[in-house]
A.B. asks: 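Pasting in a structure now, in structure tokens, and then I'll have a few things to ask.
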Amino acid sequence: MAASIVEHGEDAFRKLFKFYKRRKPPPDFSDVIDFSKGLRNEKVFNTELSPTAVSENDARLAGLQPVQEWKAFGLEGYPGFIFISNPFLPGTQQHWVKRCLKVYPRKPNVCNLDMHMSASETERIWESSIQLMRSKISGKREPKTLLEKLRWVTLGYHYNWDTKTYSAEQHTPFPADLRALSKHVAAACGFPAFTAEAGILNYYRSDSSLGIHVDESELDHTRPLLSFSFGLSAVFLLGGAKREDPGTAMFMHSGDIMVMSGPSRLLYHAVPRIVDASPGAPLPPPLQRGPDRDPPTDSLAQRVNEEDWAACTRYIQASRINMTVRQVLGPGQAFPSATQRRAESAGGETYHEVESEGDEDPDPKKRRNVSDSSVKS
Ligand SMILES: O=C(O)CCC(=O)C(=O)O
Ligand SMILES: [Fe+2]
């Protein structure tokens, strides 16, 4: 890569973002760290986890390999950053993909489509999309399915995109399976007291990107931020504490988990690019295999039936789903009152939504207000 892209200076991170976002000509990916190749990059080192923090049985029930088998890495210059290269058991990623497509977008969770649709329509995102997919004639331009228009879903404390805050009023139960998965991952990384309280699920098509931002709306930054990726690979950029600090590019493949903790918790980051699969390419290998045998009946990650998986496959072949899980409040902490909130400015650069080139309404001023639509529903 050209030296100018990695130089220190005002625009280093933005330059990196633009470099990897560019379509024509496509960028050279040879400097992107690939953790699935192990220690090939000199900045990558092995990280010790806490194998005894999660029992083998608990890991298995959550669809994870025993912690001692996980390949976890750190990155020189980023203390507190942990990258776990696909620790899922064969076949279990399918469960999470299905949950993100069929279940989590439903009420009481909140999604970008709520702004344009009634609650009864958003109840049927999955069903109506399957119906449309079935009737699609290959090669013909057809209207997009609702799943193709889905950009984000929020869980637990629902993030308010306008005020950039969470609040006690905008809260619904956090999904138990994702809470358990997150608890185990956090415990293995040295955070046994982590509680999943808020989730932002991002849905990327192959032309989507996520702008440069830092996740600082949570009130307790001593708790880590967990990130789980499924489907197409992405280039993820990790920057510094200041927006203009230089950054490091890395691939996130299906099943990879990232933990931003300690000094890395509040670093700038972005997703400039989804790495498009060539047309007709097979699914990433970890998504192809069904479980070798049926999981135990009490397993969180149940086998996905063939019909559902056929629909998930059509979606995930051309998409990436990322789930970020956050703890919002520290022990004994409470949200500021409405008066306190009004007094504080909502300024700052906290979060950008996933943007796709074909989106109808990318104007940030018109972003949905979580509280408005929840009232409506
Ligand atoms: O999609 C990703 O890998 C990053 C998502 C992210 O940064 C976020 O949701 O805050
Ligand atoms: Fe983020």
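None of these values were measured; they are calculated from a predicted model. By convention here, the first residue in the shown sequence is residue 1. First listed ligand is number 1; within each ligand, the first listed atom is number 1.
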A.B. asks: Please set out all donor-acceptor pairs under 3.5 angstrom arising from side-chain atoms of residues 227-241, sequence neighbours excluded.
C.D. replies:
unit_1, atom_1, unit_2, atom_2, d
Ser227, OG, Asn322, ND2, 2.9
Ser229, OG, Arg320, NH2, 2.7
Ser229, OG, Asn322, ND2, 3.1
Ser233, OG, His253, ND1, 2.7

A.B. asks: Which of the numbered atoms in ligand 1 are below 4.0 angstrom from a heavy atom of Tyr204?
C.D. replies: 1 (O), 2 (C), 4 (C), 5 (C)

A.B. asks: Can you list the atoms of ligand 1 that are under 4.0 Å from a heavy atom of Asn322?
C.D. replies: 1 (O), 2 (C), 3 (O), 4 (C), 5 (C)

A.B. asks: Any donor-acceptor pair under 3.5 Å linking the side chain of Lys183 with the backbone of Pro192?
C.D. replies: yes

A.B. asks: Taking the N/O/S atoms of Asp215 one by one, which is nearest to the Fe ion (ligand 2)?
C.D. replies: OD2

A.B. asks: Quick check on contacts: which atoms of ligand 1 are under 4.0 angstrom from a heavy atom of Phe236?
C.D. replies: 3 (O)

A.B. asks: Going by distance only, is there an N or O of Ser229 that falls short of 3.5 Å from an N or O of ligand 1?
C.D. replies: no

A.B. asks: Output the list of atoms in ligand 1 that are nearer than 4.0 Å to some heavy atom of Val271, sorted by atom number.
C.D. replies: 1 (O), 2 (C), 3 (O), 4 (C)

A.B. asks: In terms of hydrophobic clustering (I, L, V, M, F, W, Y; side-chain heavy atoms under 4.5 Å; direct or indirect links), are Phe35 and Tyr78 co-clustered?
C.D. replies: yes

A.B. asks: Please check if atom CZ in Arg40 has more than 12 non-hydrogen atoms from other residues, nucleotides or ligands closer than 6.0 Å.
C.D. replies: no

A.B. asks: Taking the six-membered ring for Trp and the single ring otherwise, decide whether the centroids of His158 and His171 are under 6.0 Å apart.
C.D. replies: no

A.B. asks: Considering the heavy atoms of Arg326, write down every atom of ligand 1 situated less than 4.0 Å from one of them.
C.D. replies: 8 (C), 9 (O), 10 (O)

A.B. asks: Does a sphere of radius 6.0 Å around CD in Gln333 hold more than 12 heavy atoms from other residues, nucleotides or ligands, not counting ones at 6.0 Å or beyond?
C.D. replies: yes

A.B. asks: Give the atom numbers and elements of ligand 1 that come within less than 4.0 Å of a heavy atom of Asp215.
C.D. replies: 10 (O)

A.B. asks: Does Tyr315 have Arg205 sitting over its ring (NZ/CZ under 6.0 Å from centre, angle to axis within 45°)?
C.D. replies: yes

A.B. asks: Find out whether Lys107 and Thr172 are in side-chain contact, i.e. whether some heavy atom of one side chain is under 4.5 Å from a heavy atom of the other.
C.D. replies: no

A.B. asks: With heavy atoms under 4.0 Å as the rule, classify the contact between Met258 and ligand 1 as side chain, backbone, both or neither.
C.D. replies: neither

A.B. asks: Within a distance under 4.0 Å of any heavy atom of Asn202, pick out the atoms of ligand 1 and give their elements.
C.D. replies: 5 (C), 8 (C), 9 (O)

A.B. asks: May I ask you to list the atoms of ligand 1 that are less than 4.0 angstrom from any heavy atom of Leu210?
C.D. replies: 4 (C), 5 (C), 6 (C), 7 (O)

